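Here's the structure, in structure tokens; my notes come after.
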Amino acid sequence: YDRFLIGGAEPVNAPIKLEAIAPLKVDHILHQRELGIINIGGDGIVTVDKKKYELKFKEALYIGRGDYEITLESKDAAKPAKFYMNSATAHQAYPIKKVSMKEAKVINAGKAEDSNLRTINQLIIDGVAGVRTCQLQMGLTELKPGSVWNTMPAHVHSRRMEAYFYFEVPEDQAVCHFMGQIDETRHIWMKGDQAVLSPEWSIHSATATRNYTFIWGMGGENLDYGDQDFSEITDLK
């Protein structure tokens with residue numbers, strides 16, 4: 001939907017080459033695309049045309065449009081990296097930029113009494129930490145212990161779609177992700193290391209059986225992070 005791609009790679013004993021998939025009908029995956037990568041595993045290395053970028057846990061890398069040769073590898077096979085990726089179409093080439101959690105724009109949101117106390121880390125956002133993007137935006141939200149609701153009150157982006165990737169979810173726990181229109185929602189039960197796509201007309205919210213972390217990625221014509229159409233909690237059906 002909206003030509004948005006999500007993907008993951010967990011290299012162990014050998015590097016993984018990031019190649020174009022057949023539906024793109026190009027020789028290089030980023031021929032007309034930009035890419036965001038966030039590592040949620042052990043230390044990893046992303047090599048772009050022979051230049052290496054080391055990504056530690058929760059660090060991000062933005063790669064702009066270009067016919068690059070890209071490989072992904074782990075520094076230690078016993079503790080492999082886990083690269084989560086989002087890609088959107090791009091009309092212009094912007095520079096490659098690594099972003100650490102220390103460089104992220106941090107937003108503290110929610111309240112403990114509303115069970116949604118959380119920290120939003122903006123990583124790949126146009127203008128944050130020197131990053132420039134065409135339409136891709138990515139970040140990482142960490143819920144505090146005792147908080148389980150994300151993106152509540154719920155909202156939609158009339159000119160952006162969004163993908164959520166849930167992790168740091170214990171194996172015996174689960175996340176209930178809500179989507180659909182405000183007056184006709186649907187839910188999907190999800191486990192750790194799973195992602196879900198929400199079109200621009202859909203809400204994207206969740207609760208869980210304990211606190212967790214998730215990566216959000218957006219693509220669309222509007223780069224204004226704050227452009228959100230909120231619903232009233234009591235209007236949800």
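Here the structure is a predicted model, which is why all the values come from computation and not from measurement.
Side-chain contact annotation: Ser100 with Lys58, donor-acceptor N/O pair under 3.5 Å absent. Residues Glu34 and Tyr94 have side chains that never bring a donor and an acceptor to within less than 3.5 angstrom of each other. Side-chain contact of Tyr164 with Thr151: a donor-acceptor pair under 3.5 Å is present, judged by distance alone. Using a 3.5 Å distance cut-off with no hydrogens or angles, the side chains of Ser87 and Arg33 do pair a donor with an acceptor. Side-chain atoms of Glu142 and Thr119 include no donor-acceptor pair closer than 3.5 Å.
The closest donor-acceptor contact from the side chain of Asp67 to the backbone of His28 lies at 3.5 Å or more, if one exists at all. Asp114 contributes no side-chain N or O that, together with a main-chain N or O of Asn116, makes up a donor-acceptor pair within less than 3.5 Å. For Lys105 (side chain) and Asn121 (main-chain N/O), no donor-acceptor pair under 3.5 Å exists by modelled atom type. Side chain of Tyr212 to backbone of Val148: a donor-acceptor contact under 3.5 angstrom is found.
Between Gln137 and Ile125, the shortest heavy-atom contact is OE1-CD1, 3.3 Å. Of all the heavy atoms in Ala104 and Val99, the pair that sits closest is N-CG1, 4.4 Å.
Between the CG atom of Asn211 and the CG atom of Leu117 there is a distance of 10.5 Å, given to the nearest 0.5 Å. Between atom OG of residue Ser115 and atom CG of residue Leu143 there is a gap of 10.0 Å, rounded to the nearest 0.5 Å.
Salt-bridge annotation for Lys52 and Glu73: present, with a side-chain N of the basic residue lying under 4.0 Å from a carboxylate O of the acidic one.
Considering Tyr84, Trp216, Phe214 in turn, Phe214 is the only one that fulfils the ring-ring contact (aromatic ring centres under 6.0 Å, His included) rule with Tyr166.
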